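Below is one structure, written out as structure tokens; the observations come after it.
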Amino acid sequence: MSLVDTHCHIHDTVDFDLSAEEIVQNALEAGVDRIITVGTDVNDSLAAVKFAEKYQAVSALVGVYPLIETAPNIEEFDKIIIQYRPVGLGDIGLDYHYQPYNRNKQLKLLENLLNLAQKHDLPVSFHVREAFDDFWAVFDNFPKLRGTLHSYTDDVKNMEKGLSRGLYVSINGILTFNKSAELNKVFVQVPLDRIIFETDAPYLAPAPHRGRKNQPAYIAEIAQFFAAKRAVDFAQIAEITTKNAETLFRLSG
Ligand SMILES: [Zn+2]
């Protein structure tokens, strides 16, 4: 049995009470044998790709979080991609949750990064919060893009828009403590061949670890919870979601 954590932030271990070795070892012991660690600005992305070089189980995504203050140098980013070959881009997207936000700046940054994703034919882990109308308008200018809606908490309608565009839906610990009826519908309806799991560690620890630091090993608990919710065999859920992650990020099997 094999599981994949498709989105976490484990390269900066000051955020954890564990060493990098312990984080990776715990994951392997829980059957989580592939981990994708995600950058949120230029320096953090460099840290992510360098961390991934050290651990066989770990791959990296490079990106600039929509709420980052200073616009990155896109050429510098292009060079990081060429030199380190990350398996995709992320966290990138739009986030209008926190006021005030700079809509034009976020849109420009997203477009610049999607140009890079398209140029290098890399999948994207999208961070989209309260911004889906703008997001679809930008996304539809890049018809060849592949990706996933990271930490999806929006409604069924936007899930369907994503599915019709070939996107995957990323499910994390929110599944285990969700109280929204609409989001519950998403968890019940999302097709199995479009789901991937992620922890977003160190954030969003699943029940019963809520309030503590999350880690990739907890993918096993998220997968168990999901299997029970959908009344599908855990082994089958593990197999399908691992295959989905391998397909999207072109991980070797
Ligand atoms: Zn993240």
Side-chain angles (χ1 to χ4, degrees), residues 3-16 18 20 23-24 27 32 34-52 57-69 72 77 80 86-98 101 106 109-110 113-114 116-117 122-132 135 146-154 162 167-178 183 195-206 209-210 212-219 222 241 244-245 248-249 251:
L3 290 161
V4 185
D5 185 352
T6 61
H7 185 125
C8 62
H9 305 272
I10 61 167
H11 49 279
D12 193 353
T13 47
V14 289
D15 291 335
F16 290 88
L18 302 165
I23 294 166
V24 173
V32 183
R34 260 129 347 140
I35 300 167
I36 301 179
T37 195
V38 181
T40 52
D41 64 27
V42 177
N43 287 336
D44 191 54
S45 293
L46 261 176
V49 289
K50 287 179 179 165
F51 186 91
V58 182
S59 306
L61 300 185
V62 296
V64 182
Y65 207 61
L67 300 167
I68 288 293
E69 284 294 308
F77 237 89
I80 293 174
V87 295
L89 269 72
D91 266 305
I92 73 175
L94 300 171
D95 192 325
Y96 298 167
H97 179 70
Y98 299 99
Y101 57 86
Q106 288 195 28
L109 173 61
L110 178 61
L113 292 167
L114 292 186
L116 282 187
L122 287 171
V124 180
S125 186
F126 288 108
H127 173 106
V128 184
R129 199 167 178 203
E130 294 169 27
F132 269 102
F135 176 72
R146 304 174 301 118
T148 186
L149 299 173
H150 146 66
S151 193
Y152 190 75
T153 53
D154 213 274
L167 294 173
Y168 289 78
V169 177
S170 298
I171 294 178
N172 59 29
I174 292 171
L175 169 76
T176 67
F177 53 82
N178 170 55
L183 185 55
I195 295 166
I196 55 177
F197 292 132
E198 60 171 34
T199 58
D200 212 13
Y203 318 107
L204 295 174
H209 307 286
R210 271 203 91 185
R212 278 173 282 165
K213 297 279 166 71
N214 201 355
Q215 55 176 303
Y218 297 162
I219 284 290
I222 295 167
T241 56
N244 294 344
L248 177 61
F249 294 105
L251 308 172

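Here the structure is a predicted model, which means the values were calculated and not measured. Keep in mind that the numbers below use all heavy atoms, side chains included, and drop hydrogens, waters and symmetry copies. Just follow the structure's listing: the first ligand is 1, and inside any ligand the first atom is 1.
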Passing candidate, side chain to side chain contact (heavy atoms under 4.5 Å, CB included) with Ile174, options Asn172, Thr176, Ile171 = Asn172

Using distance alone, with no hydrogens and no angle criterion, decide if Asp44 and His9 have a side-chain donor and acceptor under 3.5 Å apart.
-> no

Spatial distance of atom NE2 (His11) from atom CD1 (Ile35) [nearest 0.5 Å] | 13.0 Å

For the residue pair Tyr218 and His209, does the interplanar ring angle fall in the parallel (under 30°), tilted (30 to 60°) or perpendicular (over 60°) class?
-> parallel

Between Ile222 and the options Leu3, Leu175, Leu204, Asp5, the side chain to side chain contact (heavy atoms under 4.5 Å, CB included) test singles out Leu175

Of Thr199, Thr37, Asp91, the one forming a side-chain hydrogen bond (donor to acceptor under 3.5 Å, both in side chains) with His7 is Asp91

One checks the Zn ion (ligand 1) and counts protein N, O or S atoms under 2.8 Å, reaching 4

